[in-house]
Amino acid sequence: MSVQTVPSPEKVTVRTLWRKKRRGEPITMLTAYDYPSARFVDRAGIDVILVGDSLGMVVLGYETTVPVTMEDMLHHARAVARGAQRALLVGDMPFLSYHTTPADAVRNAGRFLQEAGMDAVKLEGGRERLEVIRAILNAGIPVLGHIGLQPQRVHQLGGFRAQGRTAAAAQELIEDALALQEAGVFALVLESVPAEVARAITRLLDIPTIGIGAGPDCDGQVLVYHDLLGLYDRGVPRFVRQYARLADVIHDALTRYREDVERRAFPAEEHTLHMKPEEAQALEAWLRARGLSDSREADRGA
Ligand code: KIV
């Protein structure tokens, strides 16, 4: 049996994450996409809720995150903000919302804070995104970086492939990490990189690293809600630990509901509302007088 710890009720800020890094305390982060998932994640004491563009795959049913729009993200981010009080809330900037001009990027990043109640934004990319990151930071919007596998580049990469597997590729990632820290990102997501690379980056940076498929040495870990809970049945990455298999629980519940309705076992008496007897009799008399009496009742009586 697991012993459940009680998290501090204080609102998590970027400073909480820096303090955790200094003290060597692991940072927890999880995605959420709607009101109920945000409530569950917040109540579990997770430090950071990411409204990830992974919602394109696990909620909207796309093959990749590329089709996700700003409007999709804001719609889900608003619901998450209504469900969470404690966690730091990060809105994920979707494909093409920060790739055109720094002005577009600032406007879109600002919408996450102004229209959707987010505390910060995340965007994918290394040194090629420095100008945009600086512009967003200049507007007073905290930015979470994201390097390693960048799912928005899936078509360029030819699939969801681990990054930084050679010494040369790892050096590029380390240069990206240092440049993003220098620019001012408050933390850095490392996705699908070898543990050796994540360990080196984590040691070199003063800001926290948050890994997903990046081994045990990052300052924190992030997973996709649907992967952790076994809600997404279209393949789960090797780096995920499934803490539940809710897809099976849901399938079983829905099948039992269908069967109960089909064999008239639901609704049962305890789910049923009745009129007061005198009202039922008056209604029956009224129906009979008009020749509208329930034939099933008559059959049953016969
Ligand atoms: O969109 C997402 O869920 C993410 C995490 C995998 C870090 O970017």
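Numbering of ligands and ligand atoms starts at 1, following listing order.
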Tell me the protein heavy atom at minimum distance from [atom], and give that distance in Å.
atom: atom 6 (C) of ligand 1; result: Ile212 CD1, 3.6 Å
atom: atom 3 (O) of ligand 1; result: Ser54 OG, 2.5 Å
atom: atom 8 (O) of ligand 1; result: Lys122 NZ, 3.0 Å

Could you measure the distance from the [atom1] atom of [X] to the [atom2] atom of [Y]? Nearest 0.5 Å is fine.
X: Lys122; Y: Leu188; atom1: NZ; atom2: CG; result: 10.0 Å
X: Leu17; Y: Asp47; atom1: CG; atom2: CG; result: 6.5 Å
X: Gln85; Y: Lys11; atom1: CD; atom2: NZ; result: 9.0 Å

- Any side-chain heavy-atom pair of Gln221 and Ile27 under 4.5 Å: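 No. Closest side-chain heavy atoms not under 4.5 Å.
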Should you measure from each heavy atom of [X], which atoms of ligand 1 turn up under 4.0 Å away?
X: Gly52; result: 1 (O), 2 (C), 3 (O)
X: His146; result: 8 (O)
X: Thr31; result: 3 (O)

Under-4.0 Å salt bridge between [X] and [Y]:
X: Glu172; Y: Arg127; result: yes
X: Glu71; Y: Arg111; result: yes
X: Asp42; Y: Arg86; result: no

- Task: Looking only at distances, please establish whether an N/O atom of ligand 1 is found under 3.5 Å from an N/O atom of Tyr33.
- Result: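 Between Tyr33 and ligand 1, no N or O pair is found under 3.5 Å apart.
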Using a heavy-atom cut-off of under 4.0 Å, does the side chain or the backbone of [X] touch ligand 1, or both, or neither?
X: Asp92; answer: side chain
X: Glu124; answer: neither
X: Leu50; answer: side chain
X: Asp53; answer: both

